[in-house]
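When a ligand or atom number is given, it counts from 1 through the structure's own listing order.
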Amino acid sequence: MAAALIHDIVIVGGGTAGWMAALGLATVVGDRYRIRLVESDEIGTVGVGEATIPLIQRFNRIVGIDEHDFLRETGGTFKLAIEFVNWGRVGDRYMHGFGRVGQDLWTVGFEQYWHRMRLAGGARPLGDYAITQQAARANRFMPARPEPANSPLADIAYAYHFDAGRYARFLRKLAEARGVRRTEGRITHATRGESGDVDAVALASGERIGGELFIDCSGFRALLIEETLKTGFDDWSHWLPCDRALAVPCESTTPLTPYTRATAHRAGWQWRIPLQHRIGNGHVYCSRHVSDDEATATLLANLDGPPLADPRPLRFTAGMRRKTWHRNVVAIGLAGGFLEPLESTSIHLVQQTIQLLIDFFPDRGFSAADVDEFNAQSRFHWERIRDFIVLHYHVNQRDDSAFWRDCAHMAVPDTLRQKMALYKAHGRVTRFNSELFTETAWLQVMAGQNLLPDSFHPLAALQPEDSVHAYLEAVHRSVAASVVQMPDHADYIARHCAG
Ligand code: FAD
């Protein structure tokens, strides 16, 4: 006999994770379940997390968010790429652009012809064949134009930058309109029933909020999944040793760039996220190698304009919960784990976990098989993203600090080691199942940080060299001719989504 249905869902926390979960669930199952969200104004939110990847458009579509309203309300901008400065070597600069690089023509992928011509000395930098990279460099933006299908203008993949505080307020308005009930107050502890499952959260006001399914979005505190259920944490800091960040907004005095910048420093890196009304900045660093004072000085010395506040310190450990779903608690957001924002993946992991929860939505029986599968899939996504971030640190030729030397010499996860070995032989990159980052994403970072294969796919040698050269040049000309048709990013925002 089927177990009884759940009636009450309690979401603990009202940061990006809490309100995305509330809105996602209210949209999909809100008419059948009571959803309550508890958040504390006194504790507040982490307030960072302002750069995203293109899959956020999927979340927006499901919950019915209009792109222009969304950017107007959140002071947002468009994002075509991430520019990496000083990563392979000090002075190096490359982009990881969204979407495709080049256009496929013959038997094997475009990148294989690029590798062939590169080895023959006849290729341009990889970014010269990518519409999003070229548009980002020219500060231009427009959404993809589907016709003609073979034009680079049909390949414009993009994401957004937005103000995290405004984003949570925007989501809250939509979620409350769909029936989510919000309670403001500080939770002192959670209580567990006879089975060991969480049965309620107790507030400082004396109120007790009961439920059958609890979603822990309490941020780094991990109030339910760790403080209450002691689920355990897999620490990945031996691969990702940065453990602190300082975040500071500054005035915007420069053109509105449609990309995030990640600039490597002596023992960490600095983000730059352009919004309509300010630039978000932060320095992620390793406290074993650099003091807080030096990290602050480095951050402030590398701003575009005057700071708008004092730098705000944050501390973290890279890693994830042993189980993101344990008993009747599902952890989403920082309560589930932390990966630094180098590839803007945390909000995506929030979205992905909400999707997984919907896929494996429980009844009161909480089937162990469902929970195990949820945890296996969740771990797969986290670990593959972790590998991609570790790649950025590991593949460096910097000799200017112990931090970078340690990263270059560390033993990386086996899954990453295999990926790099495969690529090194013939430039092949495989994408397992639904792993987030595409072959092209891996290629751009590996090549951008000077990891280049010794050879190329043998089938890329079948065409005469001058034909391959002509093909690459035609792709480049087509990209260049497309970019000049795109409007300026700031003009596009002013016309469609200015706040
Ligand atoms: P929080 O924002 O911390 O929210 C926690 C909520 O729980 C709050 O509402 C709080 O009031 C509530 N709470 C906690 N304890 C209690 C209690 N006892 N009683 C009641 N309520 C309680 N992600 C990206 O995708 N892109 C980025 O560019 C990016 N940059 C980042 C930079 C840094 C330095 C950090 C640390 C993170 C970054 N992230 C980024 C991650 C992103 O910020 C988070 O994934 C996202 O904001 C979700 O946070 P959260 O909602 O889990 O936690």
Student: Pick from L37, V10, L203: which one makes a side chain to side chain contact (heavy atoms under 4.5 Å, CB included) with T183?
Tutor: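 The single option meeting the side chain to side chain contact (heavy atoms under 4.5 Å, CB included) with T183 is L203.
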
Student: Specify the protein heavy atom at minimum distance from atom 26 (N) of ligand 1: its residue, its atom name, and the distance to 0.1 Å.
Tutor: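 For atom 26 (N) of ligand 1, the nearest protein heavy atom is A51 O, 2.8 Å.
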
Student: Show the atoms of ligand 1 that are less than 4.0 angstrom away from any heavy atom in S218.
Tutor: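 Counting from 1, the qualifying ligand atoms are 5 (C), 7 (O), 14 (C).
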
Student: Is the distance between the ring centroids of W269 and Y285 under 6.0 Å?
Tutor: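 Between W269 and Y285, which both carry aromatic rings, the centre distance is not below 6.0 Å.
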
Student: What protein heavy atom is closest to atom 3 (O) of ligand 1, reported as residue, atom name and distance in Å?
Tutor: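 Of the protein heavy atoms, V46 N, 3.3 Å lies nearest.
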
Student: From the options I187, L246, V48, V38, select the one whose nearest heavy atom is closest to atom 43 (O) of ligand 1.
Tutor: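 Nearest option to atom 43 (O) of ligand 1, by heavy atoms: V48.
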
Student: Determine, using ring centers only, whether Y492 and H496 are less than 6.0 Å apart.
Tutor: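 Ring centroids of H496 and Y492 are less than 6.0 Å from each other.
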
Student: I'd like to check which ligand 1 atoms, numbered from 1 as shown, lie under 4.0 Å from a non-hydrogen atom of S344.
Tutor: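 Under 4.0 Å from S344, ligand 1 has these atoms: 25 (O), 26 (N).
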
Student: How close does the nearest protein non-hydrogen atom get to atom 52 (O) of ligand 1, and which residue and atom is it?
Tutor: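 Residue, atom and distance for the closest contact: L334 N, 2.9 Å.
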
Student: Under 4.0 Å between a Lys/Arg side-chain N and an Asp/Glu carboxylate O for R244 and D292?
Tutor: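 Yes.
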
Student: Hey, looking at atom 8 (C) of ligand 1, which of G219, S40, G44, G18 has the closest heavy atom?
Tutor: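 That would be G44.
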
Student: Using a strict cut-off of less than 4.0 Å between a Lys/Arg side-chain nitrogen and an Asp/Glu carboxylate oxygen, indicate whether D199 and R208 qualify as a salt bridge.
Tutor: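 Judged by the 4.0 Å cut-off on N to carboxylate O distance, D199 and R208 do form a salt bridge.
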
Student: Can you tell me which residue among R384, H348, H381, E343 is in a side chain to side chain contact (heavy atoms under 4.5 Å, CB included) with L436?
Tutor: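 Option passing the side chain to side chain contact (heavy atoms under 4.5 Å, CB included) with L436: H348.
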
Student: Indicate, with yes or no, if the rings of F361 and Y33 have centres closer together than 6.0 Å.
Tutor: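 When the ring centroids of F361 and Y33 are compared, they turn out to be within the sub-6.0 Å range.
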
Student: With a 4.0 Å cut-off on heavy atoms, is W19 in contact with ligand 1?
Tutor: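 Heavy atoms of W19 never come under 4.0 Å of ligand 1.
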
Student: Using a strict cut-off of 4.0 Å, indicate which atoms of ligand 1 neighbour a heavy atom of G333.
Tutor: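 Those of ligand 1 that fall under 4.0 Å from G333 are 52 (O).
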
Student: Measure C217 to ligand 1 on non-hydrogen atoms and call it side chain, backbone, both or neither using the 4.0 Å cut-off.
Tutor: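 Answer for C217: backbone.
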
Student: Mind checking whether E340 contacts ligand 1 via backbone (N, CA, C, O), side chain (CB onward), both or neither, at a 4.0 Å heavy-atom cut-off?
Tutor: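 Neither; nothing of E340 gets under 4.0 Å from ligand 1.
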
Student: Give the atom numbers and elements of ligand 1 that come within less than 4.0 Å of a heavy atom of A17.
Tutor: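 Contacts of ligand 1 toward A17, numbered from 1: 48 (C), 50 (P), 51 (O), 52 (O).
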
Student: Before accepting this row, confirm whether a basic side-chain N of the pair E83/R93 lies closer than 4.0 Å to the acidic partner's carboxylate O.
Tutor: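 Result for this pair is yes, salt bridge flagged.
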
Student: Are any of the side-chain heavy atoms of F59 and L55 separated by less than 4.5 Å?
Tutor: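 Of all side-chain heavy-atom pairs linking L55 with F59, none is under 4.5 Å.
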
Student: Which ligand 1 atoms does A245 reach within 4.0 Å, using its non-hydrogen atoms?
Tutor: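 Close to A245: 34 (C).
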
Student: Could you tell me which non-hydrogen atom of R327 sits nearest to which non-hydrogen atom of F366, and how far apart they are?
Tutor: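 Result for this residue pair: O-CD2, 3.9 Å.
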
Student: With nothing but distance in play, are any N or O atoms of L223 less than 3.5 Å from an N or O of ligand 1?
Tutor: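 No, since none of the N or O atoms of L223 sits under 3.5 Å from an N or O of ligand 1.
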
Student: Ring centres under 6.0 Å, that's the criterion: do F432 and F380 meet it?
Tutor: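 Here the rings of F380 and F432 have centres that are no less than 6.0 Å from each other.
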
Student: Just which atoms of ligand 1 are under 4.0 Å from any heavy atom in I347?
Tutor: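 Under 4.0 Å from I347, ligand 1 has these atoms: 23 (N), 24 (C), 25 (O).
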
Student: Counting non-hydrogen protein atoms only, what is the nearest one to atom 12 (C) of ligand 1? Give residue, atom name and distance.
Tutor: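 Atom 12 (C) of ligand 1 sits closest to the protein heavy atom G13 CA, 3.6 Å.
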
Student: One thing to verify: whether R322 and D234 come together as a salt bridge, which I'm taking to mean a side-chain N less than 4.0 angstrom from a carboxylate O.
Tutor: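 A salt bridge is present here (some side-chain N lies under 4.0 Å from a carboxylate O).
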
Student: Could you pull out, from R221, R244, E343, the option with a heavy atom nearest to atom 18 (N) of ligand 1?
Tutor: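 Heavy atom nearest to atom 18 (N) of ligand 1 belongs to R221.
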
Student: Under 4.0 Å from a heavy atom of G185: give me the atoms of ligand 1 that qualify, with their elements.
Tutor: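 In order of number, 19 (N), 20 (C).
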
Student: In terms of side-chain geometry, is the basic nitrogen of K419 or D387 positioned less than 4.0 Å from the acidic oxygen of its partner?
Tutor: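 Salt bridge absent between K419 and D387.
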
Student: Which residue owns the protein heavy atom closest to atom 29 (C) of ligand 1, what's the atom, and how far is it?
Tutor: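 The protein heavy atom lying closest is G49 CA, 3.1 Å.
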
Student: Can you name the atoms of ligand 1, numbered from 1 with element, that are less than 4.0 Å from a heavy atom of R186?
Tutor: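 The list of qualifying atoms is 19 (N).
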
Student: Identify the protein heavy atom lying closest to atom 36 (C) of ligand 1, giving its residue, its atom name and the separation to 0.1 Å.
Tutor: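 Residue, atom and distance for the closest contact: F338 CE1, 3.6 Å.
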
Student: What protein heavy atom sits nearest atom 45 (O) of ligand 1, and how far away is it?
Tutor: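 The closest heavy atom on the protein side is S346 CB, 3.4 Å.
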
Student: Would you call E176 and R182 a salt bridge, using N to O less than 4.0 angstrom?
Tutor: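 No, E176 and R182 are not salt-bridged.
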
Student: To check your reading of the model: name the closest protein heavy atom to atom 15 (N) of ligand 1, its residue, and the distance in Å.
Tutor: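 The closest one turns out to be I43 CD1, 3.6 Å.
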
Student: Could you tell me whether ligand 1 has any atom less than 4.0 Å away from a heavy atom of L314?
Tutor: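 Distance cut 4.0 Å: L314 passes for ligand 1.
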
